Every structure is written in C-alpha cells, then in structure tokens.
Amino acid sequence: MTFFAMADVTQAADAEAGRSIADRWCAACHLTSDSNADSRAVRGTDAVPTLSSIARDPNRSPNWLRQWLTFPHPPMPDLNLSRSEIDDVIAYLQGMSR
C-alpha cells in the first residue's frame with residue numbers, strides 16, 4: 001500500500017504574483033492594505049471586508065478561499081482566475097495573516 005502526502009498547494013504559489021492580482025482586481029472593492037508603508041494599493045471601500053481581515057479570519061481557510069474564488073457569489077464578480085492565479089492570491093493572503 002502506498003501513501004502520498006498531500007502538500008499545501010499554496011507552497012508552490014507566488015505570493016508576489018498574488019499581490020499583483022489583488023492590486024489589479026481586488027482593490028477596486030477591497031482595501032488591499034492596512035496602511036502598511038510598503039503598500040502599493042490602498043484603494044477600495046469600507047462596504048466589503050479588507051483583504052487583511054479576510055486573511056486573518058480563521059473561518060476562511062485556504063480551501064474556503066479557493067472555493068470562493070472559483071465560484072464567487074454576488075456581489076463579488078467572477079474574475080475567471082486560473083487555478084494558479086487563485087493559489088497565488090491565497091499565498092498572498094496567507095502572508096498577510098502572519
């Protein structure tokens with residue numbers, strides 16, 4: 001009997017690419033920073049959660065985020081992100097939660 005370890009897919013993801021995606025697509029609605037000095041985008045609105053609050057929410061696991069980004073519900077638009085892009089965004093959010 002052979003067992004294979006399931007690695008967290010986000011380990012191979014690119015958090016910097018995820019940040020670029022967030023700056024380009026998510027920042028139209030979500031604040032993408034909590035005013036960090038190194039932030040490139042701080043647009044968004046207070047009508048939706050900040051990305052940092054999403055990243056720190058224990059109920060929003062990587063699997064939950066992957067499902068949500070794959071099949072979003074209104075009012076969030078379907079951004080048609082690839083699996084790789086979704087993993088990059090999740091890696092970025094995981095970095096924010098530390």
Side-chain angles (χ1 to χ4, degrees):
M1 183 184 257
T2 305
F3 292 97
F4 295 96
M6 298 274 307
D8 185 357
V9 175
T10 59
Q11 289 177 350
D14 182 344
E16 188 58 34
R19 181 180 184 150
S20 294
I21 293 167
D23 287 349
R24 183 178 48 225
W25 296 108
C26 306
C29 299
H30 297 273
L31 293 172
T32 59
S33 169
D34 284 336
S35 301
N36 293 332
D38 65 341
S39 174
R40 288 182 279 187
V42 187
R43 301 180 308 264
T45 174
D46 62 0
V48 297
T50 65
L51 290 186
S52 120
S53 70
I54 292 169
R56 289 181 175 87
D57 184 339
N59 295 315
R60 293 180 175 164
S61 69
N63 286 333
W64 186 95
L65 292 166
R66 189 172 292 106
Q67 179 72 20
W68 181 260
L69 291 170
T70 302
F71 304 106
H73 305 287
M76 183 162 155
D78 185 351
L79 301 174
N80 293 312
L81 298 174
S82 70
R83 288 181 186 179
S84 176
E85 289 170 323
I86 289 170
D87 287 341
D88 291 345
V89 170
I90 292 170
Y92 170 58
L93 291 173
Q94 286 182 316
M96 292 177 80
S97 69
R98 294 184 182 118

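Values in this document were obtained by computation on a predicted structure and should not be read as measured data. Just the heavy atoms: all of them, side chains too, but no hydrogens, waters or symmetry mates, feed the values below.
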Margin query: Just to verify, what does D78 make a salt bridge (Lys or Arg N to Asp or Glu O under 4.0 Å) with, not counting sequence neighbours?
Written below: none
Margin query: My understanding is that only residues two or more places apart in sequence, or in another chain, count here; which of them pass ring pair (Phe, Tyr, Trp, His ring centres under 6.0 Å) with W68?
Written below: W64, H73
Checklist line | Interatomic spacing from CG in D57 to CG in L93 - rounded to 0.5 Å | finding: 11.0 Å
Note to self: If the condition is side-chain hydrogen bond (donor to acceptor under 3.5 Å, both in side chains), which residues does N63 pass it with, not counting sequence neighbours?
What the structure shows: R66
Next item on the list: Test L69 against M76 for side chain to side chain contact (heavy atoms under 4.5 Å, CB included), laying out the working first.
Entry: CA-CA 9 Å; L69 291 170; M76 183 162 155; 3.6 Å; yes
Check: With distance as the sole criterion, is a donor-acceptor pair present between the side chains of S52 and R56 under 3.5 Å?
Finding: yes
Check: Any side-chain heavy atom of I54 sitting closer than 4.5 Å to one from L65?
Finding: yes
Item checked: D88 backbone acceptor or donor facing D14 side chain under 3.5 Å -> no
Item checked: Heavy-atom pair of closest approach, residues L51 and A22 -> CD1-CB, 3.8 Å
Notebook entry, point to check: Between CD1 of I86 and CG of N80, what distance do you get to the nearest 0.5 Å?
Noted result: 9.5 Å
Check: At their closest point, which heavy atom of S97 faces which heavy atom of A55, and how far apart are they?
Finding: CB-O, 3.1 Å
Item checked: E85 CD to D87 CG distance, which is reported to the nearest 0.5 Å -> 10.5 Å
Margin query: Once rounded to the nearest 0.5 Å, what's the spacing between atom OG of S53 and atom CZ of R60?
Written below: 6.5 Å
Check: For Q94 and P62, which heavy atoms make the closest approach, and how far apart are they?
Finding: NE2-CG, 3.0 Å
Check: Are V48 and L31 connected in the hydrophobic side-chain network, where two residues link if heavy atoms are under 4.5 Å apart?
Finding: no
